[in-house]
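Small disclaimer: the values here were computed from a predicted structure and weren't measured.
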Amino acid sequence: MTEAGSGHAFPSGVAPTLAELVALRGAAQGRRPPKRGRHGVSGQALSPMRGRGMEYAESREYAQGDDARHIDWRLTARSGRTHTKLFQAERERLTLIVADTAPALYFGTRVRFKSVQAARAGAIAAWAAVRDGDRVAALRGSAVEPPVAPAGGARGALHVLDALVRWYTAPPADDLGLAVALDHARRLLRPGSRLLVLADPASLAAVPDARWPALSMHNEVVVLLLDDPLERDPPRASLPFASGGQRVELDLAAAAPRRRWQQAFPEAGREALARLRARGIRAELLSSQAPSQSWLPLFGHAGSA
């Protein structure tokens with residue numbers, strides 16, 4: 001398998017390809033959430049009130065009865081006359097994909113690497129956004145690379161898919177972690193947005209528990225925790241691993257190493273899942289060998305209200 005434009009060949013399932021992610025469009029078409037009410041259509045009167053799913057439209061001179069909280073202070077200062085901001089309902093919802101790029105994701109023993117499954121799940125979300133008429137954007141934990149800007153239609157999805165291929169082909173050198181990525185997300189989200197987080201279970205340890213209710217208060221949040229069958233149920237055998245260029249043998253038939261393995265992988269995944277669900281977050285473990293769209297029923301409920 002050769003990733004387009006990279007010049008590097010990878011065995012199937014080790015790195016995502018753009019063609020593979022584009023081909024997933026059909027998998028996102030099968031389930032359409034209930035139709036949402038659409039506001040802000042052409043010709044709708046602007047409102048001085050600001051609420052859920054509202055965006056700034058323009059300013060006009062202040063009139064008696066306008067809410068003083070919405071005074072446009074900058075325009076007021078420039079013009080010398082009091083102005084108030086007007087808002088209209090957003091025409092398009094935002095679907096934002098947050099990609100964890102921790103090194104632990106670039107591993108797999110069945111069908112594909114966890115990183116490839118993350119890219120595929122992100123592609124499913126991007127195509128679901130196109131299906132639902134949303135704008136789609138994506139970001140990762142980086143102080144250098146800006147987010148993929150929100151855009152609608154197939155063009156917007158393709159920009160996201162291209163980023164997912166780059167991010168999940170190899171661990172980015174400037175990865176700052178999931179907590180930083182969620183900080184970026186908080187600044188980009190607007191009330192009524194959908195947020196999909198793709199993460200290794202171990203990455204959640206660095207995210208404060210209070211962060212999740214803050215993100216989900218006005219948005220739909222789904223977290224997919226990527227894992228591999230070997231992590232869930234390792235064989236009772238001695239397994240070879242490569243670490244720092246050296247070969248390491250781990251005897252998982254022995255009680256103590258197996259217990260530590262269970263604590264590091266399956267127990268950590270279950271605990272992360274429980275923590276998220278206890279805070280009202282829809283979350284699921286997504287195995288590297290599972291159908292990439294199997295999580296899709298989680299997506300769309302809140303946004304369709």
Side-chain angles (χ1 to χ4, degrees), residues 36-99 125-126 129-130 132-153 155-160 162-163 174 176-197 207-208 210-221 280 302-305:
R36 297 184 289 123
R38 288 286 188 175
H39 302 287
V41 295
S42 178
Q44 182 172 350
L46 302 180
S47 169
M49 302 301 293
R50 185 175 186 177
R52 184 178 185 273
M54 303 294 283
E55 62 181 4
Y56 172 75
E58 61 184 44
S59 295
R60 62 156 167 77
E61 286 198 41
Y62 183 86
Q64 186 175 1
D66 286 345
D67 192 333
R69 292 175 297 177
H70 301 143
I71 290 176
D72 188 336
W73 293 108
R74 291 185 179 180
L75 183 55
T76 296
R78 289 199 306 269
S79 67
R81 298 186 304 276
T82 304
H83 283 72
T84 188
K85 294 180 179 180
L86 298 180
F87 300 89
Q88 65 184 8
E90 290 187 57
R91 288 173 170 80
E92 295 177 307
R93 177 177 55 185
L94 171 66
T95 291
L96 176 62
I97 299 165
V98 170
V130 172
D132 297 339
D134 294 359
R135 294 171 299 144
V136 60
L139 58 84
R140 63 182 182 89
S142 170
V144 179
E145 183 175 2
V148 178
R155 183 182 297 273
L158 289 172
H159 289 163
V160 168
D162 180 69
D174 64 334
L176 297 178
L178 183 60
V180 170
L182 292 175
D183 280 340
H184 294 338
R186 186 172 53 179
R187 291 190 287 271
L188 191 59
L189 291 169
R190 294 183 177 184
S193 299
R194 294 195 296 191
L195 172 64
L196 175 69
V197 180
V207 180
R211 182 71 50 79
W212 299 108
L215 288 169
S216 64
M217 184 178 299
H218 299 296
N219 305 291
E220 175 188 359
V221 181
S304 62

Looking only at non-hydrogen atoms, find the nearest pair between [X] and [Y] and report the distance.
X: Gly141; Y: Ala181; value: N-CB, 3.5 Å
X: Val148; Y: Ala163; value: CG2-CB, 3.6 Å
X: Ala157; Y: Val136; value: N-CG1, 3.7 Å
X: Val160; Y: Ala138; value: CG1-CB, 3.9 Å
X: Leu196; Y: Ala125; value: CD2-CB, 3.4 Å

Taking the side chain from [X] and the backbone from [Y], do they hold a donor-acceptor pair closer than 3.5 Å?
X: Thr84; Y: His70; value: yes
X: Ser193; Y: Thr95; value: no
X: Ser79; Y: Leu75; value: yes

Q: Sequence neighbours left out, what passes side chain to side chain contact (heavy atoms under 4.5 Å, CB included) with Ala137? Give chain and number order.
A: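 With sequence neighbours excluded, Ala137 shows a side chain to side chain contact (heavy atoms under 4.5 Å, CB included) to Leu94, Leu96, Pro150, Leu188, given in chain and number order.
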
Q. Who are the side chain to side chain contact (heavy atoms under 4.5 Å, CB included) partners of Ala63, not counting sequence neighbours?
A.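 Only Arg60, Asp66 meet the side chain to side chain contact (heavy atoms under 4.5 Å, CB included) criterion with Ala63.
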
According to side chain to side chain donor-acceptor pair (under 3.5 Å), who are the partners of [X], at least two apart in sequence or on a separate chain?
X: Glu145; result: Arg140, Arg166, Trp167
X: Arg81; result: Glu61
X: Ser142; result: Asp174
X: Arg78; result: none

Point-to-point distance, once rounded to the nearest 0.5 Å, from [atom1] of [X] to [atom2] of [Y]:
X: Leu189; Y: His218; atom1: CG; atom2: NE2; value: 11.5 Å
X: Thr76; Y: Tyr62; atom1: OG1; atom2: OH; value: 10.5 Å
X: Asn219; Y: Leu215; atom1: CG; atom2: CG; value: 7.5 Å

Q. Please walk me through it: do Leu139 and Val98 pass side-chain contact (heavy atoms from CB on, under 4.5 Å)?
A. CA-CA 5 Å; Leu139 58 84; Val98 170; 3.9 Å; yes

(Q) What I want to find out is whether Asp134 reaches Arg93 closely enough, with some N-O distance under 4.0 Å, to be called a salt bridge. (A)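 The answer is yes: the pair qualifies as a salt bridge.
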
Q: Start with the C-alpha distance between Asp183 and Arg211, add both sets of side-chain angles, then the distance that settles side-chain contact (heavy atoms from CB on, under 4.5 Å), and finish with yes or no.
A: CA-CA 9 Å; Asp183 280 340; Arg211 182 71 50 79; 3.1 Å; yes

